[in-house]
Every structure is written in structure tokens, then in C-alpha cells.
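Read through the structure below, which is laid out as C-alpha cells, and then see the notes.
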Amino acid sequence: MADVKSRREKISSSLEEGSMLILYSGKSPVKSADETYSFTPDRNFYYFTDLDIENAYLVIHKTESKTVEKLFIERNDPKLARWVGEKPSKEHCSKFSKIQEEDISFLDELNGYIGDTLSRFNIKSLYLYLKSPHWENLTKEKLIAQEIQRLFPYVSVKDVSAKIAELRTIKDEEEINNIKKAIEITREGILNIIKNSKPGMYEYELEAYFDFSLRKSGVKDLAFKPIVASGPNSTILHYSANERKTQEGDLVLLDLGAQYNYYSGDISRTFPITRQFSPRQAEIYQIVLNTQKEVQSQVKPGLTLFELNEIAKKSLAESCKKIGLIKTDEELSKYYFHSVSHFLGLDTHDVGDKNIPLKPGMVITNEPGLYIEEEGIGVRIEDDLLITENGCENLSREIPKEIEEIECIWSVL
């Protein structure tokens with residue numbers, strides 16, 4: 001079980017006296033009529049509670065004399081339980097969250113508790129996770145901020161995202177093991193795709209082999225929507241329709257990830273549907289692979305993701321000039337237009353500022369690529385790296401990526 005108590009102690013120590021932190025677990029949005037999307041917990045709530053429950057709140061308030069942790073959950077409805085099962089009990093929530101049962105209350109007590117605490121304990125700051133990639137996304141946290149500012153105008157609302165990111169970017173042993181397991185399951189899915197591939201299959205048929213491997217391993221959710229991009233689709237960075245019929249001579253670019261205990265694997269591999277790379281495909285593939293190896297060799301604490309991308313760009317540009325694909329470094333952007341790395345963890349594109357120096361315990365991706373639209377050749381090779389004291393450990397090193405390794409996969413059938 002995750003050491004969530006220690007995590008809460010760390011975030012509490014970063015808050016000033018006279019402050020409150022509220023984190024919401026989330027709720028499944030309506031899909032259509034009475035159908036909802038599958039629930040997935042807010043990752044910050046999960047990180048600090050180890051609880052996979054809907055419509056719950058973690059509230060921490062800090063005064064000069066003490067720090068109080070409270071959890072608010074839904075009451076069980078015996079009639080509804082006959083249809084969908086019982087709500088998690090206080091005992092269950094206490095076991096996983098390490099919050100005492102007497103500090104777990106029900107949702108109908110939440111508003112009174114927040115209002116009473118803000119008034120009685122001279123709370124001056126309210127921390128919420130307000131960072132959102134979508135301007136128009138009116139989250140529960142933003143609604144809480146609006147209501148608190150209306151009722152308690154003297155309370156300053158602050159964004160806690162940077163403080164949480166500082167904690168989440170450094171993975172503990174259990175988190176690393178979860179990522180390793182996600183990668184292991186992803187490996188089996190990728191090999192299942194390649195072994196069963198042949199020209200004429202639809203991309204969604206290839207994807208089905210990945211889905212089967214994950215389901216067989218007990219994985220209920222993916223780290224992200226799978227990319228199974230053949231031929232010209234391999235040159236589209238985030239192609240995910242997966243509906244084209246593969247043809248003789250195609251390269252197939254896979255960008256896939258299993259999710260284990262909500263931790264993500266994120267792996268890319270590219271293979272020839274006809275089981276052997278053409279000379280041109282092999283030439284482009286080797287350039288990308290050499291770049292990936294160069295980046296990995298230089299990864300170490302102190303560098304930033306931005307600096308790693310500059311290393312990747314330099315390596316790709318030099319090789320592309322040698323084969324006549326480009327004449328100047330500036331032309332590389334036509335064929336390589338994304339970054340080589342992002343943080344990985346509870347989110348596939350995990351929290352963390354790309355400009356901060358890498359530290360031991362961080363997990364990042366290493367994913368250079370080349371996308372030559374006019375030739376219908378797209379190659380991306382992606383591994384997941386754990387930053388160590390002196391360099392990095394490739395957590396996905398067991399997934400074949402050398403040309404000879406890939407071409408030999410079918411020979412062992």
C-alpha cells in the first residue's frame with residue numbers, strides 16, 4: 001500500500017499556518033441517458049489517499065498548533081446498493097487512506113465543516129488544484145473557489161498544483177514498481193500485435209491483440225488511447241482512428257500503454273508489416289534509434305527536458321543531412337516537430353515543469369521520431385527512463401527495438 005500518510009505530511013509541511021487544502025476525487029460524467037463513463041479517480045486525490053472512490057473530498061487544515069486531516073464520503077443507500085453495490089465504508093476508507101475512522105464524515109457534513117473551520121480557525125488561505133489545460137473547463141475546484149470567495153472574501157484562494165507536482169515528480173519504490181508492471185504488461189501487448197500481424201489486417205484488428213493481452217492481465221483501463229498507425233498514418237503524430245487497412249510494405253507505428261494501479265506505461269515501437277524493413281525504412285529507423293541511444297546516454301540529474309530535446313534535434317539533424325533529407329538544421333522541423341520527453345507517472349503526460357532540472361526518482365520518456373509524409377514513412381521509438389544518481393535506467397529495455405530483434409520476432413512463432 002502507498003505511504004499516503006507520509007505524502008500528506010509532506011504537502012502539509014509546504015502550507016503556511018492558517019490554511020486549508022481541499023482535493024476532490026471526481027465523478028463519472030454522464031455519457032448518454034442513464035449511462036456514465038467509467039470512473040477514474042482524480043490523480044491528486046488518489047496520490048494522497050490511495051482511494052479509488054467517487055465524489056469524495058480530502059480536507060486538510062493547518063493552524064499554529066496542529067494539522068487536521070478529514071475525509072468526506074458518500075453515505076450508503078441500502079436501496080441503491082441492491083442495484084449497484086454498497087458505497088465504500090468508513091472502515092474501508094480508513095484502511096487505505098490511513099485516516100482515522102473518527103475523522104471520516106459524510107458529504108452532507110462537508111459544507112458545515114468547511115464554513116465552521118474557515119470561521120473559527122482564522123483560515124486565511126484556501127489551496128485548490130486549479131491548473132487545467134482547458135480554459136473553458138469549469139472544474140469542481142473552480143466552483144469551490146468561486147463560492148468561497150463569495151462567502152468568505154477575506155480568504156485568499158491559491159493554486160496548489162506546483163507544490164503537488166514537486167512531490168509527484170519524485171517516485172517512491174512502490175510507484176516505480178507500478179510503472180514497471182505497466183511496462184511489462186505493455187510489452188506483452190506489443191509482442192502480441194507484432195506476432196499476429198500480416199498485410200491486409202485493419203489497424204483496429206492489430207489493436208485488438210493489444211486489448212486482449214491487457215484484459216488477460218487484469219488491466220481494465222489504458223494509459224491513453226492507443227495509436228496503431230500504418231503507412232501514411234504513421235506520419236501523423238497523434239493518429240488514433242485506427243481504421244485503415246494495412247498494405248504490403250507498410251511500417252506500423254505503435255504508441256501504447258497499459259495502466260497498472262493507475263500508473264502508466266508509455267511505449268512506442270515501429271515495425272514492418274511484411275516482417276522485414278526495406279533498405280530505406282531501415283535507414284530512417286536506424287537514425288531514430290541512434291538518436292534515442294544518444295539521448296539515453298546523456299540523461300543525468302541536472303539536465304532539463306528542454307536540453308534533452310536539443311540533444312535529440314542535433315543528432316537527428318546531423319544524420320538527416322548526411323542522407324540528404326535536409327540541408328540545414330532548421331529544416332528538421334519538417335520531419336521532427338515534437339519534444340523528445342515528458343514526465344511519466346499517475347498521468348501519461350505527468351505533472352512537472354519541463355524546465356526543472358532532472359532529479360533521481362523522476363521517470364521520463366525518451367521518444368525521438370522522424371515523419372516523412374512524402375514517403376509515407378513514420379518512425380518513433382519510445383522507452384521509459386528512471387533517473388538515477390549518475391544517469392538513468394531504461395525500464396523498458398526488454399521490449400525489442402533493434403532491427404534484427406524486430407525481424408526475428410516472427411521466427412520464434
Side-chain angles (χ1 to χ4, degrees), residues 187 189-207 209-210 226-256 267-295 312-313 315-327 331-338 340 366-383 396 399-413:
R187 173 184 177 273
I190 288 174
L191 291 177
N192 201 28
I193 288 177
I194 297 176
K195 289 176 181 178
N196 288 283
S197 66
K198 58 184 178 182
M201 293 178 67
Y202 284 91
E203 293 164 342
Y204 55 73
E205 292 181 86
L206 298 174
E207 182 184 355
Y209 283 102
F210 183 72
I227 294 171
V228 183
S230 65
N233 292 336
S234 66
T235 68
I236 303 170
L237 185 61
H238 284 163
Y239 168 84
S240 60
N242 301 346
E243 59 189 10
R244 178 179 177 271
K245 187 175 183 179
T246 62
Q247 299 178 14
E248 291 277 349
D250 279 350
L251 283 182
V252 179
L253 190 159
L254 306 174
D255 195 338
L256 307 160
I267 306 296
S268 293
R269 290 295 186 265
T270 306
F271 71 94
I273 196 72
T274 45
R275 305 189 175 189
Q276 188 169 17
F277 290 92
S278 72
R280 179 59 167 176
Q281 290 171 344
E283 181 178 46
I284 301 303
Y285 186 96
Q286 195 63 49
I287 288 174
V288 175
L289 182 58
N290 290 344
T291 293
Q292 197 208 32
K293 291 178 178 179
E294 176 65 17
V295 171
K313 286 165 63 178
S315 175
L316 288 172
E318 288 177 354
S319 295
C320 287
K321 285 189 289 186
K322 286 180 181 178
I323 66 170
L325 184 63
I326 61 175
K327 294 181 179 179
E331 292 179 276
L332 179 65
S333 61
K334 180 179 178 181
Y335 303 109
Y336 173 72
F337 39 85
H338 59 85
V340 78
N366 176 17
E367 49 178 311
L370 284 175
Y371 313 92
I372 309 173
E373 186 177 354
E374 60 269 27
E375 298 182 42
I377 294 178
V379 175
R380 183 162 65 253
I381 308 169
E382 178 180 17
D383 284 314
S396 48
I399 305 177
K401 63 180 179 181
E402 298 289 343
I403 289 176
E404 296 79 9
E405 291 177 328
I406 292 174
E407 291 182 341
C408 285
I409 288 175
W410 294 276
S411 64
V412 296
L413 295 178

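None of the values given here were measured: they were computed from a predicted structure.
Residues meeting the side chain to side chain donor-acceptor pair (under 3.5 Å) test with Lys245, sequence neighbours left out: none. Judged as a side chain to side chain contact (heavy atoms under 4.5 Å, CB included), and not counting sequence neighbours, the contacts of Ser319 are Ile287. For Arg244, the side chain to side chain contact (heavy atoms under 4.5 Å, CB included) criterion is met by Glu203, Ser230, Pro232, Asn233, Tyr239, Gln247, Asp250, not counting sequence neighbours.
Side-chain atoms of Asn242 come within 3.5 Å of backbone N or O of Val228 as a donor-acceptor pair. Checking side-chain atoms of Thr246 against main-chain N and O of Gly200 turns up a donor-acceptor pair under 3.5 Å.
Salt bridge present: Glu402 and Lys293 bring a charged side-chain N and a carboxylate O closer than 4.0 Å.
Each of Ile193, Ile190, Leu253 was compared with Phe271 under the side chain to side chain contact (heavy atoms under 4.5 Å, CB included) criterion, and only Ile193 meets it.
Considering all non-hydrogen atoms of both residues, Thr274 and Pro199 come closest at CG2-CG, 3.8 Å.
Within a 6.0 Å sphere centred on NZ of Lys313, heavy atoms belonging to other residues, nucleotides or ligands number 12 at most. Other residues, nucleotides and ligands place more than 12 heavy atoms under 6.0 Å from the CD atom of Glu375.
Interatomic distance, CD of Glu407 versus CD of Glu404, reported as 7.0 Å (0.5 Å rounding).
Side-chain atoms of Asn290 and Glu294 form no donor-acceptor pair, as typed in the model, at a separation below 3.5 Å.
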